[in-house]
Amino acid sequence: MSSTPQDRLAALGITLPPVAVPAAAYVPFVRTGNLVFLSGHIAKKDGKPWVGQLGLTMGTDEGKAAARAVAIDLMGTLQAAVGDLSQVKRIVKVLSLVNSTPTFTEHHLVTNGCSELLGEVFGPTVGTHARAAFGVAQIPTGACVEIELIAEVA
């Protein structure tokens with residue numbers, strides 16, 4: 001495994017996007033002490049909201065890919081917040097909202113798309129985290145997944 005998160009991103013062929021402009025009355029991140037709280041990021045595909053509902057128009061594998069895409073956007077915002085991803089001491093918590101039907105029960109597997117990529121990029125000590133995954137009736141713009149993140153930084 002390469003030595004820095006940036007090296008691992010490069011090895012995976014991932015370029016982090018710039019911070020997205022908030023769509024409502026909030027900021028992309030807030031830093032207090034050694035914690036950075038990232039606002040919820042919706043899944044995007046080709047620069048547009050990745051619209052769908054798990055259990056109706058999307059399956060678990062596509063939802064997992066959407067959650068992985070969210071992780072990339074989250075890391076772009078985290079990099080903007082701290083300047084260098086090597087400053088991240090721990091991904092503390094991930095909260096995942098999955099736009100799903102009442103009978104869909106694989107929210108945890110969808111959320112693995114985000115969690116697994118964070119583990120790959122930050123390694124097992126820094127990248128593993130506490131998390132929650134919920135099914136919700138709807139997400140802004142009809143997006144399939146929204147994820148927020150809390151990180152401890154140097």
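Just so it is clear, the model here is predicted, and its values are computed rather than measured.
For the pair Leu78/Leu85, a side-chain contact is recorded, criterion being any heavy-atom separation below 4.5 Å from C-beta on. Between His107 and Val110 the shortest side-chain heavy-atom distance does not fall below 4.5 Å. The closest side-chain heavy-atom distance from Ser115 to His129 is below 4.5 Å.
Linking ILVMFWY side-chain heavy atoms closer than 4.5 Å, directly or via other members, places Phe37 and Val92 in a single hydrophobic cluster. One hydrophobic cluster holds both Leu74 and Ile14 under the rule that ILVMFWY side chains link at heavy-atom gaps under 4.5 Å. Hydrophobic clustering (side-chain heavy atoms under 4.5 Å, transitive across Ile, Leu, Val, Met, Phe, Trp, Tyr) groups Ile91 together with Val82. Residues Phe122 and Leu38 share a single hydrophobic cluster, defined by chaining ILVMFWY side chains whose heavy atoms lie under 4.5 Å apart. Clustering ILVMFWY residues whenever any of their side-chain heavy atoms sit less than 4.5 angstrom apart, transitively, puts Leu117 in a cluster other than the one holding Leu97.
The distance from the OG1 atom of Thr77 to the NE2 atom of His41 is 2.5 Å, given to the nearest 0.5 Å. Of the inter-residue distances, the one linking Glu62 atom CD with Thr60 atom OG1 reads 10.5 Å to the nearest 0.5 angstrom. The structure places CD of Gln79 at 11.5 Å from CZ of Phe29, a figure rounded to the nearest 0.5 Å. Of the inter-residue distances, the one linking Leu95 atom CG with Phe134 atom CZ reads 6.0 Å to the nearest 0.5 angstrom.
Looking at Arg8, its side chain never comes within 3.5 Å of a backbone N or O of Ala10 through a donor-acceptor pair. With Asp73 contributing its side chain and Pro17 its backbone, the two residues share no donor-acceptor pair below 3.5 Å. With hydrogens and angles ignored, the 3.5 Å screen pairs no side-chain donor or acceptor of Thr57 with any backbone N or O of Gly52. Between the side chain of Arg68 and the main chain of Glu116, no donor-acceptor pair closer than 3.5 Å is present.
Trp50 and Ala66 get closest at one heavy-atom pair: CZ3-CA, 3.4 Å. The two residues Thr111 and Ser96 have their closest heavy-atom pair at OG1-OG, 2.8 Å. Across all non-hydrogen atoms, the minimal contact from Cys114 to Val94 is SG-CG1, 4.4 Å. Here the closest heavy-atom approach between residue Arg131 and residue Asn112 is recorded as NH1-OD1, 2.9 Å. Val19 approaches Gly76 most closely through the heavy-atom pair CG2-O, 4.2 Å. Here the closest non-hydrogen pair linking Pro49 and Thr141 is CB-OG1, 3.4 Å.
No more than 12 heavy atoms of other residues, nucleotides or ligands sit less than 6.0 Å from atom CG of Asp61.
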Would you tabulate the side-chain donor-acceptor contacts of residues 142-154 under 3.5 Å, counting partners in other chains and residues two or more places apart, or write 'none'?
none

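In this structure, Lys93 has no salt bridge (Lys or Arg N to Asp or Glu O under 4.0 Å) partners at least two apart in sequence or on a different chain.
Test Val88, Val70, Leu9 against Met75 for side-chain contact (heavy atoms from CB on, under 4.5 Å) and you get one pass: Leu9.
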